[in-house]
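Please read the structure below before turning to the comments.
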Amino acid sequence: MITFKINAQEVNFDGDPQTPALWVIRDELKLTGTKFGCGIGQCGACSIHLNGQVIRSCVTPIESVAGQSITTIEGLAEDKQLTPVQQAWIKHDVPQCGYCQSGQIMAATDLLHKNPNPSDADIIQAMSNICRCGTYVRIKKAIHDAAEMMSKGAQS
Amino acid sequence: MNSNEVKVNRRKFLITGMTVSGGLVFGLPTWANYQSDTAENKLGFFIEVKPDNTVVIGSNQPEIGQGIRTVLPMMVAEELDLNWSQVEVVQMPLGIVKTADGFTWKYGGQGVGGSTGTSGNWNFMREVGASARQQFISAAAKVWKVDPASCHSNEGHVIGPQKNQKASYASLITVASQIPLATTKPKLKDPANFKILGKPHNAVAVEDLVTGKAKYGIDTYVDGMKIAMIKRSPYLDGTVRSYDDSEALKILGVVKTTAIKGPQLGKPYNILASGVAVIADNTWAAMQGVAALKIDWDKGPHHKESTASFKAQLNELLQSKGQVVRDDGDFKAKFAAADKQLTRRYDIPFVSHAPLEPQNCFAHVQGDKVRIIVPTQMPSGASRAAAAETDIDRLDISIEMTRVGGGFGRRLSNDYVSEACIISKATGLPIKLMWSREDDIKHDFYRPAGIHEMNAGLNKQGELIAWQHRLASASKYYRRPNLSETEYWKAELYTDDYPANLIADYQVEYHSAQSGMPRGSWRAPAHTANGFVIQSFIDELAHESQQSPLDFQLKLLGDSREIPYENHGGPTFNPGRLAALLQWVATKIAFKQPRPKGRGVGIATHFTFGGYAAHAIEVSVSPEGDLTIHRVIGAIDCGFAVNPRGVEAQMQGGTIDALSTALNLEITVKDGQVVQSNFHDYPLMKQNQAPEMMEVHVVNHGNEPAGVGEIPLPPVAPALTNAIYAATGIRIRRLPIKDQLQVAMKSQTKA
Ligand code: FES
Ligand code: FES
């Protein structure tokens, strides 16, 4: 039995401990905002936060998260208040098909935690998630905007 | 609409290069046929009013990221006179009804392909809104006992002639739903008075997309459902000789296996491959089960095919005369007499669609009913596929459409629906069929590969006087029903494409090649190949004759005028609109300004499916051959831009898609098997390869929208390679670019 926290709730899993976290999150917990795109750590559609750091859940066996804390896209907005990253994504109307965007948002959120004021070069370096629809132009803009919102929020 | 019209249009699709797997109809539906069957709080099929005066608008088309779920309700809302903030949108399922000789649409034609979603529903959706508005006005007039002409609407209310006479649509819906429809077409708004259309809008329910709430096909979880995955033949048209599932069945969670019979050789595909399905309690178990299967494959008829053998075949074909499919004037004589002659060959690879949501489909074949939940571009094709596999009446097959994680033409085919039905029927279980990324890359309807030979002659003044386009390719019309090989060229060459009709001596020739690779429609199908070839060759012709590529092309295109265009996107084409866009992007990027060595600008333009686009790209190439894309300027003229924000998004995304494909993407074959398998060897562009800057410009033209989704792509690859040539003198004639620059720069330095 593997116990861990997801979006602040404690859960147990008693299946194959090698199961990638992605499939526990989707098949068992029915949190379907975290997506499957490649299964080999290439695309980032499955990005989640483990103890606040972004990881790719398709290549993370569930046993390795025992006792730790996961956040998925569903748990990002506390008390239904959208985060600055989510707000910026809406403002810039980033998604097209939208399939990659949970992962993009998890990755961008992680980037802004570590680097509240990233340059274009920092964004390029940190954001390795694939968007098949090619929303990269708006993603970059939205990240800059979210950074600004956060710095204003921090000042006030 | 009767079913005859459906047939006519399916034929039209065949001719114009669209799919035959769906019965997409555009331009035909009118409101009157689709407004019956009214419930209490509904007006027809599309409009429902909630007690708080929220208006729920049904969107009948699949949303694949192109924004149709926003654009169609905008049309309804405009004519219904709503405030956009009071609108909610719901996805409608497939609706079909039986006729004496087949089936016809219940909610208007449903299906997205060929960039027709917006233009094809432009009148229909506005008429739906306008006729509903009429009904609300009539209802209010009836309640108030006044003349309807004395009433008008305003943002979800009807206003009467007397003071304070104001009623919400919600308060009128019951009365309105009982008022018979007017027998004449409703009058539509003057575009000058549009409040919603033509204004930039965010995608409907974008909140759901940033909070993980939006549901895609892959997010389907139905009680009691199992997960199915298939190990498919890695050999093109290979088959299962025998298999051993004993190891697979030992895996915790694996329930059973079932063999999948492959498609019939040479016949239209129902599914892509023979294989063995594993049914399991969860996805991880299914994946492991598939990996544990031991299958003895019959390698089938193509096991000797490779990319090299295929290209040798294409080059061989080009040695002889092919099928001349257009022949204006006397190309041969004019070419022979030309002051300057140029011959070039361009090489286009197979590419895969790779939508980010892998194929999937929920199917439950239960007695004489089928339930399907599926991300598809062609719900009617899904219904036909399910009927064909189960022999169940199409009226007893429900097709629920989910949001779709990318289409790009892949989901015009419903092979995964057929597979899901086969498995559910064989096992009696409700299953969700899942494809892995490897399944998706290895089993696709690839964009056809080909080699193009271009021949042209210039006179003393440097004017183009003879043009010949010779193509050898494996057509996507292979394995289509009732289509002879002499028709295959129609999917690969659009003979009215520019510079046709601008040059008197003009010839197009086709050679049909054989390949075991399944082929299909990839976003802007043959235009991605032909646009690259034509726009590269024009650039070469200009450089060869010491002319500015801009001036050369502007002269060729000439002034604004309509000329005939009989391929999809016609009936006319205006070369002046291309010229205007080309001029715009060239000016914006300062095309004629000299750049230092290693830095260069390229331009290109193309007309696709009724829409016009042009790109200018600025790049630099390091002495080691590393490419940086500094700036992309794009311009699109898609007639009236219904949602400029969405058009801009398609332009940005389409440009990235085209760059990604030109730079990196190719599917190759070895020993009759697809070589690539996942994003490590089919490397879609990431943020780090994207242009440093991109600017797009949306031009409005007239009051009628054209398509958008595919139009941005064709000019991008040639603008890029033309820029590379300007920067380095290296001419890229083979896609993708991959490491060609590194190799060429190395040999340049050596020399
Ligand atoms: S699904 Fe995990 S990185 Fe692609
Ligand atoms: S929005 Fe479609 S994959 Fe990113």
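Not measured: the values here are computed from a predicted model. In what follows, chains are A, B, ... by sequence order, proteins preceding strands, each numbered from 1.
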Given that the side chain runs from C-beta out, which part of [X] has a heavy atom under 4.5 Å from chain A: side chain, backbone, both or neither?
X	answer
B:E695	neither
B:L356	both
B:M287	side chain
B:P691	backbone
B:R645	both
B:E438	side chain
B:Q66	neither

Shortest non-hydrogen separation from [X] to [Y] and the atoms involved:
X	Y	answer
A:C38	B:F679	CB-CD1, 3.6 Å
B:A203	A:D93	N-OD1, 2.9 Å
A:F36	B:P358	O-CD, 3.4 Å
B:G406	A:C97	N-CB, 3.5 Å
B:F408	A:C133	CZ-SG, 4.0 Å
A:G98	B:Y216	C-OH, 3.0 Å

Just how far is it from atom [atom1] of [X] to atom [atom2] of [Y], taken to the nearest 0.5 Å?
X	Y	atom1	atom2	result
A:C131	B:M685	SG	CE	12.0 Å
B:Q687	A:I124	CD	CD1	6.0 Å
A:I40	B:H680	CD1	NE2	5.5 Å
A:I130	B:S660	CD1	OG	8.5 Å

[X] versus chain B, heavy atoms under 4.5 Å apart: side chain, backbone, both or neither?
X	answer
A:Q104	neither
A:R26	both
A:L76	neither

Pairwise side-chain contact, A:Q42 with B:K686, heavy-atom cut-off 4.5 Å (strictly under) =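 A side-chain contact exists here, since the closest heavy-atom pair is under 4.5 Å.
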
If you tally heavy-atom pairs under 4.5 Å against chain B, which of [options] wins?
options	value
A:I123, A:T135, A:I90, A:V137	A:I90
A:Q125, A:E74, A:K35	A:K35
A:R138, A:K140, A:M127, A:R132	A:R132
A:V85, A:T19, A:T83	A:T19
A:G41, A:P20, A:G15, A:A77	A:P20
A:I139, A:L82, A:D16, A:V24	A:D16

ask   = B:W284 and A:D27: side-chain donor and acceptor closer than 3.5 Å?
value =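 No, no side-chain donor-acceptor pair sits under 3.5 Å.
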
request  = Determine which residues belonging to residues 649-656 of chain B lie within contact range of chain A, meaning some heavy atom pair is under 4.5 Å apart, and list them by number or answer 'none'.
outcome  =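 Within residues 649-656 of chain B, near chain A: B:A649, B:Q650, B:Q652, B:G653, B:I656.
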
query = Highest number of heavy-atom pairs under 4.5 Å with chain A: which of B:I218, B:N282, B:V404, B:L659?
reply =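 It is B:I218.
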
request  = Among B:N688, B:D281, B:I227, single out the residue with the greatest number of heavy-atom pairs under 4.5 Å to chain A.
outcome  =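 When all of B:N688, B:D281, B:I227 are compared, B:N688 has the most.
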
message = Pair B:V210, A:Q101 - check side-chain contact (heavy atoms from CB on, under 4.5 Å), show working.
response = CA-CA 7 Å; B:V210 305; A:Q101 300 296 345; 5.7 Å; no

ask   = Among all residues two or more places apart in sequence or in another chain, which pass the side-chain hydrogen bond (donor to acceptor under 3.5 Å, both in side chains) test with B:D223?
value =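 Expected list: none.
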
message = Can you confirm whether B:K215 is buried at NZ, in the sense that more than 12 heavy atoms of other residues, nucleotides or ligands lie under 6.0 Å from that atom?
response =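 Correct, the count exceeds 12.
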
query = Is A:E63 atom CD crowded by more than 12 heavy atoms from other residues, nucleotides or ligands, each under 6.0 Å away?
reply =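 Atom CD in A:E63 is crowded, with more than 12 foreign heavy atoms closer than 6.0 Å.
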
